2 protein chains.
Amino acid sequence: MSRTYSISELASEFDLTTRSIRFYEDQELLHPSRRGQTRVYSSKDRVRLKLTIRGKRLGFSLAEIRELFELWDETRSGSKKQLHLMLSKIGDRRAALDQQMKDITMVQLELESAEIRCRQALEELLEKEPQEKQNEEERTGTSDKASAPSSATMH
Amino acid sequence: MSRTYSISELASEFDLTTRSIRFYEDQELLHPSRRGQTRVYSSKDRVRLKLTIRGKRLGFSLAEIRELFELWDETRSGSKKQLHLMLSKIGDRRAALDQQMKDITMVQLELESAEIRCRQALEELLEKEPQEKQNEEERTGTSDKASAPSSATMH
DNA sequence: AAACAAGTTTACGTTAACGTAAAGCTATTG
DNA sequence: CAATAGCTTTACGTTAACGTAAACTTGTTT
């Protein structure tokens, strides 16, 4: 059990370049084993990669993410002083994330009001100009590869 | 009413350098007026600065933030096609923020479990070594003078 | 008047996070 | 067997978001 992955498998699964994955290893976020000279990634490596991506989406630097990994790894073997330091750092992170939550809520509200404003402007346009023959492109061609399904929000 | 601000006032209020604020202007996030050659910031400018900082905390690039500002500004004067484009972009942003919310929740859970794990390790330490003097390894070359629990800097 | 504080422009330097060749190993496939 | 596919290392290039320094203007204080 617990299968392994090649670098390109992971790359395509998470929509990264192999360059990035090797770079993450260089920054000590990943520690794949080798078969010959070829990198072999375990499920644990895969999880780490997933966490890395998640951290990046939250604006963490690779160095910060590495720090969190190290904290986690050394939790078992830490001395008393080490453990207290870890608790302090974890506390800092949690506080920062709480702040982020608040930020997101604020921005969501602003975007929501922008959307409403936008729809109202559209309605007014349609009232003043009932039926012109203006043909439009319908689809805005902006394909955003990395982002989630865009129909998620509404209300 | 609606007072004005100097660049250094804003800098100290939001804990930025004046360099940053001028840079934001260079990137067209701010448009302060001038008295002579000196920049004069309005309350509206201040709000924009606040939003900029908030956006940065969420991992937006300055270019993205600028885009959002422009969307907002042009909402009133937009054509039908423009308005639909805006709605689409707003939708993308909202979806991305929803994803971020989920990410944060996940990471919060992980940090929480890390904290618990940490506290347990501490408890075990205190049970095995009720009030011993100093023993075991734990002498890591580097002498750390200030052992105060100073809350670690986050950044 | 001289010095100081606060502001300005110009411009080169720096760091993070990759992108983009170039050149070489290695296994398999037509 | 030669070519292709996939992997590797090495190394220089690029972009964003400022930092830092120099040289200058303008107003205020001593």
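These figures come from a predicted structure and were not determined experimentally. The chains referred to below are lettered A, B, ... by the order of the sequence lines, with proteins before strands, and numbering in each begins at 1.
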### Task
Mind calculating the distance between CG (B:L16) and C1' (D:dT20) to the nearest angstrom?
17 Å
### Message
Under 4.0 Å from OP1 or OP2 of D:dG19: is there any side-chain N or O of B:S20 that close?
### Response
yes
### Query
Got a sec, which residues hit salt bridge (charged side-chain N to carboxylate O under 4.0 Å, His left out) with B:R119, two or more places apart in sequence or on another chain?
B:E115
### Task
For A:R34, enumerate each residue passing the salt bridge (charged side-chain N to carboxylate O under 4.0 Å, His left out) test, keeping only those at least two apart in sequence or located in another chain.
A:E25
### Query
C:dC18 C1' sits how many Å from A:E25 CD, rounded?
15 Å
### Message
Holding to side-chain contact (heavy atoms from CB on, under 4.5 Å), I want the full list of residues that pass it with B:S33, two or more places apart in sequence or in another chain.
### Response
B:V40
Contacts under 3.5 angstrom, residues 65-72 of chain B side chains, donor-acceptor by atom type, not counting sequence neighbours:
{"from": "B:R66", "atom 1": "NE", "to": "B:E70", "atom 2": "OE2", "distance (Å)": "2.8"}
{"from": "B:R66", "atom 1": "NH2", "to": "B:E28", "atom 2": "OE2", "distance (Å)": "3.4"}
{"from": "B:R66", "atom 1": "NH2", "to": "B:E70", "atom 2": "OE2", "distance (Å)": "3.1"}
{"from": "B:E67", "atom 1": "OE2", "to": "B:K89", "atom 2": "NZ", "distance (Å)": "2.6"}

#### Entry: Contact state string [nucleotides 3-17 of chain C, B base, S sugar-phosphate only, - no protein heavy atom under 4.0 Å]
---SSBB-B-----B
### Summary
Hits for salt bridge (charged side-chain N to carboxylate O under 4.0 Å, His left out) against B:D26, two or more places apart or cross-chain, chain-then-number order -> none
